[in-house]
Amino acid sequence: MDKIRTAEEVMQNVKSGDTIMVGGFGLVGAPLTLIDELTRQEVNGLTIISNNLGEAGKGLGILLRQGKIKKAIGSYFTSNREVGDHFNIGKLEIQLMPQGTMSESIRAGGAGIGAYYTKTGVGTELAKGKEVRVINDENYLYEEALKANVALIKAQKADTLGNLIYYKTTRNFNPIMATAADYVIAEVDEIVEPGELLPEEIVTPHLYIDAIVKSKLILTREGVVER
Amino acid sequence: MDKIRTAEEVMQNVKSGDTIMVGGFGLVGAPLTLIDELTRQEVNGLTIISNNLGEAGKGLGILLRQGKIKKAIGSYFTSNREVGDHFNIGKLEIQLMPQGTMSESIRAGGAGIGAYYTKTGVGTELAKGKEVRVINDENYLYEEALKANVALIKAQKADTLGNLIYYKTTRNFNPIMATAADYVIAEVDEIVEPGELLPEEIVTPHLYIDAIVKSKLILTREGVVER
Amino acid sequence: MNTLKDVQELIAQRAAQEITPFATVNLGIGIPTLIAKYADSDKVFFHTENGMLGVGELKHPSNFDPGLVNAGKLPVAEETGASYFHSADSFAMIRGGHVEMAFLGALQVDESGFIANWAVPGKNIMGVGGAMDLLSGAKKIIITTNHCTKNGEPKLVKSCTYPITSTRKVNTIITELAVFEFVNDRLKLIELMPGVTLEEVARNTEADYEINWRKESK
Amino acid sequence: MNTLKDVQELIAQRAAQEITPFATVNLGIGIPTLIAKYADSDKVFFHTENGMLGVGELKHPSNFDPGLVNAGKLPVAEETGASYFHSADSFAMIRGGHVEMAFLGALQVDESGFIANWAVPGKNIMGVGGAMDLLSGAKKIIITTNHCTKNGEPKLVKSCTYPITSTRKVNTIITELAVFEFVNDRLKLIELMPGVTLEEVARNTEADYEINWRKESK
């Protein structure tokens, strides 16, 4: 069962109107090659679940400029001022979430948890209209799981089965997004044979991964470069 | 900050009436040395959260015979027939949970999640009296988090800071129980210096661990032996 | 009929044919555990809820590793490409729908597709394990069971009299007499085991079923 | 007064003294980030919500690793004994109460102990990050902030006019003028920064506070 694909091939799984999770904390741990390919697709009306929406004209910021994003779900859009511009003219819906709630909702989506209660956000503007429940004398907010049609994630190494390991803080949202979408594409810098990753160090077991794409664009000290 | 202790020392943290999580799947990955020490303590009225309650007269089964357990929370007590005997004469309360719900509730306890909704158990006898909620047209059961005063867990190696790694299927409940108790004691087979465990392979970061105890009783092919 | 052990092996062998290539498969305790040795180990990934993907058959039983067991606490081996994870992550795989097939034993299966496999009325309920989780989450549930109880009572019944394990219905039932599938919520007999007659199945089955030789799903 | 940068360093330096030995500490964006270099790196474990425990100061900024950043997306180093984890596990640490102290910036802090540090009325709300999570979960919250806004308006107010970040109250406030603590829900000035007079604090503070030199908690 060969999961290795090209970016062009896998992006056929993205359709207009889809919800797409995109890993990364800013550019760190972002699937840059897959995002680049996504910007070439003739799709629109996408819902993007990602901590940020790139920077102005970079990464997911290109997709925003192209008008392909209908809604953005994330925790910190401040890094791309164009997000506010699109929102102001009614061209973009925004669902802002505390970063921990966003992470937990993605994990819940992957783990079959329908919803959960967290103390985060209780009594704030982000809690407006949301159910509050008292559990052991404390107020908790009801939050539902997040799921997606497709997840674009980045890992350091994959074996050909799809087992993944991550490099330092590039891990961030990638392992949880790998669990929460119908079709999961892992962009990786290196592909090795099964057995080369130690069973105890594997972070994402292969059952979560549908396709593996070798990275072409990577983040270096000099910025994003083609390798 | 030296976290290395003897079993005698750490067990001073267990008081009568406490709720105690005990790792392991049967004897596999169970903190045998700590359990052994616990049976020597003059405590009673304990609530034990553990997948099983040992076997008849072994491990937690000794604690049961000693009458020190008031309540057992777990998923599979069938392996110790004395559990049923104690239950029948009213000497033991039982809270039986699906294994996945038990795991998820422990994780929730460690992660600040007050409660969550799962499909597991809906419409069964274990759902009696429990709230059902419809989320996206499916029935989910309300389940609350589990927490404990003390957790007794087993790992393969610790560094002196308390970072842990686990051996094969001995991992089981140990990493999640490490997150869900006020005081967490890790029994380990080997203690190394910080830096000897790779940052990416650490499963339990040290902030969860209060004390480290070197194992004296270990599970071998010949059964439980003193090392 | 053969010995109990022969019967179980027969069921396990037939069940192994249901495994789709490269599926992630969870095997319950009992007959399901026997399935592994009939499967093509290069084309299946066995998952066990105590925290492992890539469970293999132990080649030399005397050489077992006490830190490497399956959900039945039986010693197993590690296939190339295996990985380990904690119980919550393991059940996240099951409950999140990432395990393609689960093979489970049953005390009863009824014609609605409900199964009972964890509790007996009038007895203390002392264990449930991962059964309810697998029922709620695995994409396909295949029941492997002796056709009748030790006392000769049908296990395929009209309606479970034992407590059900889930409101989720099972997909397939494999016994030493026949293979059944639920199609559009109706129980269909799709295959007789070698040497078994329709009459023999009818005599040992309480549940209503239709005969439908052509497999619609597979 | 000194330059803005000097003021920030002064606050950070004082804040570092609040770190208890071997605490797990999360540093927010802005002034909190500056605290690390004043802390004894052998006696503190810095946590960052993007998934790392054991964050270190980058010794040679030109040598940074683009795969190793903190929550402010600034390059950092890896201390001995560090570990990495995904975002949900990282916030489980924060929200589950496993992070002992969090140092955060603020737009406003009020005399009830509420802070506002994520949104400004009348402007689009475009980011919240981990602020609400840290407020809900860290055992102790220490606010490090300039005493007044750029326009000279007090940041320690009677009641936040900006949207609050949490209904959880903060523990300590450190500015370039003074150190405050909440004791029994009352705001207490417990220390003046070097060369600062009580009158100067009074003139720049809208919130009511008592003077209480002896620290009750620490």
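Throughout, protein chains are lettered first and strands after them, A, B, ... in sequence-line order, and every chain is numbered starting at 1.
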Structural part of C:I94 lying under 4.5 Å from a heavy atom of chain B: neither

Contact winner vs chain C - B:T124, B:T170, B:L219, heavy-atom pairs under 4.5 Å: B:T124

Selection from C:G51, C:A119, C:S83, C:A71 maximising heavy-atom pairs under 4.5 Å formed with chain B: C:A71

Atom group of C:I125 that falls short of 4.5 Å from chain B, counting heavy atoms: both

Partner chain B: residue of C:D65, C:V128, C:D89 with the largest heavy-atom pair count (under 4.5 Å): C:V128

Neighbour count >12 (heavy atoms, 6.0 Å) for atom NZ, C:K73: yes

Side chain to side chain, B:R221 and C:N63, heavy atoms closer than 4.5 Å: yes

Donor + acceptor pair across side chains of B:T101, C:R95 (<3.5 Å): yes

Flag side-chain contact, heavy atom, 4.5 Å: C:H86 against B:N174: no

Non-hydrogen side-chain atoms of B:K119 and C:T167 separated by less than 4.5 Å: no

Top of B:N51, B:I106, B:N88 for chain C proximity - count of heavy-atom pairs under 4.5 angstrom: B:N88

Minimum side-chain heavy-atom gap C:W118-B:L96 below 4.5 Å: yes

Top contributor to chain C interface from B:M102, B:R81, B:E125, B:M97 [non-hydrogen pairs under 4.5 Å]: B:E125

Segment of B:F87 engaging chain C (4.5 angstrom heavy-atom cut-off): side chain

Heavy-atom closest pair, residues B:G123 and C:I164: O-CD1, 3.9 Å

Atom CG of B:N136: over 12 foreign heavy atoms under 6.0 Å: no

Check: B:R107 and C:S87 side chains under 4.5 Å, non-hydrogen atoms: no

Distance in Å, B:S79 OG paired with C:M126 CE, rounded so as to fall on 0.5 Å steps: 11.5 Å

Between C:D133 and B:T120: side-chain donor-acceptor atoms closer than 3.5 Å: yes

Close side-chain approach of C:M52 and B:K168, heavy atoms under 4.5 Å: no

CG on B:N139 to OG on C:S136, rounded to 0.5 Å: 12.5 Å

Rounded distance (nearest 0.5 Å) linking atom OH of C:Y84 with atom CD1 of B:I165: 13.0 Å

Part of C:S90 within contact of chain B (heavy atom distance under 4.5 Å): neither

Over all atoms of both residues, closest heavy-atom pair of B:Q99 and C:G130: CB-N, 4.0 Å

Interface moiety of C:N124 toward chain B, non-hydrogen atoms closer than 4.5 Å: side chain

Interchain contact, C:T165 with chain B, by part (heavy-atom threshold 4.5 Å): backbone

C:K43 NZ: over 12 foreign heavy atoms closer than 6.0 Å: no

